[in-house]
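Report on one structure; see the data block that follows.
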There are 2 protein chains.
Amino acid sequence: MATLKDVAKLAGVSVKTVSNVVNGYDFVKPENRKRVEEALASTGYRPNLGARNLRRGRTGFLGLMLPELSIPYFGELAGLVLQAAQEHEWNVLIEQTLGTRERERNALSALGPHLIDGAIISPEALHTDDFGDLAPGVPLVMLGEHVVDVPIDHVGIDNVQAARIAVRHLISLGRRRIAAIGAHPQRHTAAQRLEGYHFALEEAGVAPTPELVLPALRYHRANGAEAMAHLLALPEPPDAVFCFNDLLAIGALRAAAERGVQVPSDMAIVGFDNNEESAYSLPSLTTIAPDKAAIAQAAVDLLRRRIAGGSDLAPEDVQTPFSLEIRNSTIA
Amino acid sequence: MATLKDVAKLAGVSVKTVSNVVNGYDFVKPENRKRVEEALASTGYRPNLGARNLRRGRTGFLGLMLPELSIPYFGELAGLVLQAAQEHEWNVLIEQTLGTRERERNALSALGPHLIDGAIISPEALHTDDFGDLAPGVPLVMLGEHVVDVPIDHVGIDNVQAARIAVRHLISLGRRRIAAIGAHPQRHTAAQRLEGYHFALEEAGVAPTPELVLPALRYHRANGAEAMAHLLALPEPPDAVFCFNDLLAIGALRAAAERGVQVPSDMAIVGFDNNEESAYSLPSLTTIAPDKAAIAQAAVDLLRRRIAGGSDLAPEDVQTPFSLEIRNSTIA
DNA sequence: TTGAAAGCGCTAACAT
DNA sequence: ATGTTAGCGCTTTCAA
């Protein structure tokens, strides 16, 4: 592998001149520039990024901490973050945490400042205190969950409002016995979506029914199926369900089908996330569709701002748009 | 950020001794070891990986080139590769190509030897010649597609056999008019699966019907729906379809449902990949289930072997196991 | 067992 | 406009 020195020797100039050419410094004698460019081409020179970054004091990497790539929402999001980062010549290092606090803490401290210039994190179980032993100086952007008392940048949608719109849609369809699947004692987003759910019920004058609010330990398809099975075994089952994500909804859809419950006539279902698969389920899923590209873009932009601007900037909270995607799980 | 030097000064020893402790070198005087460990702890020292790797001549990174993280198969696979790589203290750098030759070539040359120790690539459109201008010296493992005349390691399943088993399953169910969705002029795996399809028909004494073999430009849900719509418009539609991946099958499922065609009674459907979502579709999808964890593991192992052993080793071809997952899209 | 020092490839301050 | 050189933080050879 050719080094700057090799190229310099071949072109008969100093490393400085070669470095100047490589880095697009303007003031190089045309003749020298030409010789250098030829030498560059003939050696197939490629800068050693490790060395460059060592010298520059940056790494060229962004960290992306998320629960699991196999979860559609995160797979889709990660793809978009990769694209947004690529536009600024950042490579992205993905760290999977499986949503456990233990691994989230590890990831947080593993993302040392030597390895990355900044990180986008999508925590699920992290506590406020976990940010204490964090390597300082690593710019962070938090996605989704919003741990309020940690002063870092945040990108997400208005979960309360989104949930409210989802449930309002069910109410507009004449449903009154509306369940919720996905309550979770620790998760902030769960609390917000639950709040939106209650909000919508209240503004429609529907009394809340605690037995219709089901928890979900994890937000996988199996959990949704389980919860729906439970609801259908109730003396008086609901006529609609708002699921806190699409996977829960897909699971609910299956549990309903297995029991011969017709969706949407007997039971309307709304999800959250707009996974690609949700447009193809049978019936297709009505869901809240966050603008994932906007989330990825905002996260990368926020990181750039903070890497450039330093830690004295006040933490920002960017709200990205979303929409309600109406499909056949609520309207035949 | 504390450096080795800082720690050495604090502990009153040389950097060498600190380095010895950090790297687990055994022969350090217990007393010094203790002092160093204390200094390490009190400074919160973290090695600068860039510097370490610069010195060691390795980077600590693995490249992973794939079409798109939002495609479930690749999302799931990427997650498993990350896990396998983590066991050997490798970070993984993911490069998305969207399956275009252009971007696959770029990715290949971008994965310079300075950046990564080796790469796992899952090409879709790459030609043999594209490997020519490849930075040499970068150990490569190819997944899925098997460009035969490029001498690099390969991991995959026996596609011919898998397809044969899938179609044989349909035949065992009494189906005789069996379509295939996913033919593609350039893709090697498509050719193999088609071969297995023909193989199974032949050994059952079923005459092949060219009009039942449908191409798919891309392997997305929409393409499957389109192809199925085409098949159902035929004067004599098939009674079964073998789709070259699960996304095509999910699309086919939907197109069938939209036209009131009952699956599996009127039409049996088999997929390929065993995406997580396929266990939850309605009906659930019978599919070929490759052992993705085994693929990820084998790829990382092969890379380790080659990074250690050099380029003189003969290219290996590892076949990983798979199974036929029978669900309700073929048997009610 | 440990210290001193070279050097990985690069950038940039300084000198010319 | 370009050459010389220090030094980023680390590992490792050589000497002691």
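Each chain gets a letter, A, B and so on, in the order the sequences are listed, and its residues count up from 1.
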Ring centres under 6.0 Å, that's the criterion: do B:F61 and A:F61 meet it? yes
Main-chain N/O of A:A125 paired with A:E104 side-chain donor or acceptor, under 3.5 Å: yes
Between B:K16 and B:Y25, is NZ or CZ placed under 6.0 angstrom from the six-membered ring centre and within 45° of the ring axis? yes
Using only heavy-atom distances, determine whether the side chains of B:T59 and B:D117 contain a donor-acceptor pair under 3.5 Å. yes
Take atom CG of B:N20 and atom C1' of C:dT1, then tell me their distance rounded to the nearest Å. 9 Å
Quick one: does NZ or CZ of B:R187 land under 6.0 Å from the six-membered ring centre of B:Y219, within 45 degrees of the ring axis? yes
Does any N or O in the side chain of B:E76 come within less than 3.5 Å of the main-chain N or O of B:E276, such that one atom is a donor and the other an acceptor? yes
Taking B:H154 for the side chain and B:P315 for the main chain, is one N or O donor matched with an acceptor at less than 3.5 Å? no
Between B:R306 and B:E316, is the closest basic N to carboxylate O distance under 4.0 Å? no
Tell me whether A:D153 is salt-bridged to A:R305, with the criterion being a basic N under 4.0 Å from an acidic carboxylate O. yes
Counting primed atoms plus P, OP1 and OP2 as sugar-phosphate and everything else as base, spell out the protein contacts along nucleotides 5-10 of chain C at 4.0 Å heavy-atom distance: B, S or - for each nucleotide, 5' to 3'. BBBBBB
Can you sort out which residues in residues 27-44 of chain A have a heavy atom within less than 4.0 Å of DNA chain C? Ascending by number, please. none
Go through the side-chain N and O atoms of A:H188 and A:N159 and say whether any donor and acceptor fall under 3.5 Å apart. no
5'-most to 3'-most nt of DNA chain D touching chain B (<4.0 Å, heavy-atom partner on protein side) reads D:dG9 to D:dT13
